[in-house]
Amino acid sequence: MFENVQAAPPDPILGITEAFKKDSRAEKINLSVGVYKDENGETPVLESVQAAEERVVAEQKTKAYKPINGDPTYGKNVRELLFGEGASLIDNGEAVTCHTPGGTGALRLAGDFLQSKAGIRRIWTSDPTWANHPAIFKAAGLEVAKYRYFDPANNGLDFAGMKAALEEVQEGDAVLLHACCHNPSGVDPNLEQWKEIADILNEKKALPVIDFAYQGFGKGVQEDAAGLRRVAETCDEFLVCSSFSKNFGLYNERTGALTAKSSTRDIASAVMSQLKLTARTNYSNPPAHGGEIVNKILGDQELKNQWISELDAMRERILEMRTLFVESLQKSGASRDFSFITRQNGMFSFSGLSKEQVERLKLDYGIYIVGSGRINVAGMTPSNLQQLSNAIVAVL
């Protein structure tokens with residue numbers, strides 16, 4: 001039977017990394033994969049994570065399974081990050097949380113739950129969105145539709161187009177939103193726009209599904225949750241898919257969460273029972289180690305302060321590289337205005353480069369960028385910036 005299996009095409013993003021590894025050029029640059037890198041081009045282990053991990057290992061007494069939905073303390077810590085200290089949704093029972101294998105696991109659990117338990121048949125995603133979003137939801141059996149989001153003419157949010165598209169959403173549809181640091185554009189709604197989005201979805205009786213992969217990488221841990229909290233003020237029901245890969249640097253620990261908000265405690269309890277059943281037939285129990293690290297950090301004020309300080313430093317490095325990148329392009333003779341890059345948030349930027357220009361950068365200069373022109377700003381370093389800028393100007 002396996003003789004009939006056809007080779008799958010390379011992953012549109014991870015496949016670029018495979019090609020990058022095979023490239024023998026010493027000065028090659030990879031700006032494709034969404035992984036934070038420091039000024040030395042390394043993905044560091046945070047000092048707060050190292051300290052927490054030492055405590056986890058020293059205090060560990062068992063390798064027994066975690067509950068299907070994870071430790072209650074983990075769920076509470078996740079909700080505190082989402083809704084803020086002292087928020088009623090932390091303990092009132094209307095919001096429940098499942099510990100999942102990364103943010104991708106949260107998205108898949110959400111898709112399976114929506115399709116098989118909640119009776120939802122269609123989910124809307126932004127155009128553009130993370131390349132894996134449509135694949136995840138289609139694999140879960142959902143129809144995927146698109147709403148307008150990015151305006152390439154001004155390299156900003158097409159909010160009028162977004163609102164017009166959301167007016168086409170039907171009752172019972174789900175709508176995927178990026179909480180902050182939109183992937184791949186780096187363009188986010190402001191608070192007034194978030195309020196309008198929440199009002200439209202509430203009026204349409206559509207379910208917001210919020211992908212929160214970059215909390216702390218935009219403006220700050222609390223500031224980046226402002227859009228989500230606007231939705232929480234307006235909508236009785238929504239889902240939040242959290243990832244701790246980026247902000248804790250726990251990429252290979254696969255640490256995430258799915259939080260479901262319902263209108264009452266009883267409904268939330270029923271939702272949790274179905275989420276647990278859905279998880280049981282997928283991955284059964286969450287991986288423990290990353291969640292224990294998160295719990296150690298968020299449960300100790302000194303470690304938490306250290307983590308926030310390290311997260312602030314990562315965000316500030318990205319902001320600095322955005323500014324230096326624009327300045328470097330100007331010094332290299334770019335006639336095009338790239339100042340929009342400094343107005344975008346998070347690790348990613350839509351550069352405006354065409355597929356042909358991206359291909360030339362790879363073939364002629366060993367610079368690897370996603371075909372859409374999305375650049376991982378966190379992959380830039382002071383040592384490769386001039387080389388990168390010269391190459392981009394050469395292909396413009």
Side-chain angles (χ1 to χ4, degrees), residues 9-44 128-132 150 152-156 181-187 214 217 246 251 314 316-396:
D11 182 275
I13 296 177
L14 299 182
I16 297 175
T17 297
E18 292 302 314
F20 174 80
K21 290 178 180 178
K22 295 176 182 177
D23 193 326
S24 61
R25 286 172 285 189
E27 302 301 319
K28 61 185 179 180
I29 301 172
N30 187 0
L31 301 179
S32 61
V33 180
V35 175
Y36 175 81
K37 294 188 181 294
D38 61 19
E39 63 276 6
N40 299 312
E42 301 293 335
T43 301
T129 194
W130 180 42
N132 208 22
F150 182 72
N154 62 20
N155 295 291
C181 305
H182 182 271
N183 181 2
S185 73
V187 174
Y214 301 97
F217 271 76
K246 280 75 177 178
Y251 295 94
M314 288 193 286
E316 288 163 7
R317 191 190 99 72
I318 293 172
L319 290 172
E320 180 184 19
M321 293 313 301
R322 285 185 179 276
T323 300
L324 292 176
F325 182 42
V326 172
E327 293 174 354
S328 180
L329 286 167
Q330 290 173 339
K331 290 177 182 177
S332 295
S335 57
R336 187 182 302 177
D337 180 11
F338 285 96
S339 61
F340 62 86
I341 291 174
T342 63
R343 298 189 293 272
Q344 296 169 347
N345 297 316
M347 294 202 302
F348 302 117
S349 173
F350 251 9
S351 63
L353 296 172
S354 67
K355 287 185 178 181
E356 292 75 19
Q357 290 167 334
V358 168
E359 188 66 16
R360 279 193 60 198
L361 285 172
K362 180 180 71 173
L363 295 176
D364 297 345
Y365 300 96
I367 296 172
Y368 289 75
I369 296 172
V370 178
S372 64
R374 186 200 80 173
I375 289 179
N376 178 10
V377 181
M380 300 177 187
T381 67
S383 62
N384 68 24
L385 202 55
Q386 194 59 58
Q387 173 194 351
L388 172 65
S389 299
N390 289 342
I392 289 177
V393 171
V395 303
L396 289 177

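This one's a predicted model, so the numbers in the text were calculated from it and none came from an experiment. Numbers here simply count residues along the sequence, with the first being 1.
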Expected list for residues 387-396: side-chain donor-acceptor pairs under 3.5 angstrom, two or more places apart:
residue : atom : partner : partner atom : Å
Q387    : NE2  : E27     : O            : 2.6
S389    : OG   : S328    : OG           : 2.6
S389    : OG   : L385    : O            : 3.0
N390    : OD1  : S332    : OG           : 2.8
N390    : OD1  : Q386    : NE2          : 3.1
N390    : ND2  : Q386    : O            : 3.3

Partners meeting side-chain hydrogen bond (donor to acceptor under 3.5 Å, both in side chains) with [X] (sequence neighbours left out):
X	result
N40	none
S335	none
S351	none
R317	Y36

Should F348 and V377 count as side-chain neighbours, where that means a heavy-atom distance under 4.5 Å?
->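 The answer is no; the side chains never approach within 4.5 Å.
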Min side-chain heavy-atom separation I341-F325 under 4.5 Å =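 The answer is yes, as the side chains (C-beta and beyond) meet within the 4.5 Å cut-off.
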Of all residues at least two apart in sequence or in a different chain, which pass the salt bridge (charged side-chain N to carboxylate O under 4.0 Å, His left out) check with D23?
-> R25
Decide yes or no on side chain to side chain contact (heavy atoms under 4.5 Å, CB included) for V35 and Y251, but give the supporting numbers first.
-> CA-CA 8 Å; V35 175; Y251 295 94; 3.8 Å; yes
Among all residues two or more places apart in sequence or in another chain, which pass the ring-ring contact (aromatic ring centres under 6.0 Å, His included) test with F20?
-> Y368
Results of ring-ring contact (aromatic ring centres under 6.0 Å, His included) for F217 - residues two or more places apart only | none
Does any pair with a residue in [range] pass salt bridge (Lys or Arg N to Asp or Glu O under 4.0 Å), and if so which ones, sequence neighbours excluded?
range	value
residues 32-43	none
residues 372-381	none
residues 355-372	E359-K362, R360-D364
residues 319-336	none

Partner of M380 by side-chain contact (heavy atoms from CB on, under 4.5 Å), out of I375, L324, I318, I29 =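 Of I375, L324, I318, I29, side-chain contact (heavy atoms from CB on, under 4.5 Å) with M380 is met by I375 alone.
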From CZ (F350) to CZ (F340), nearest 0.5 Å | 10.5 Å
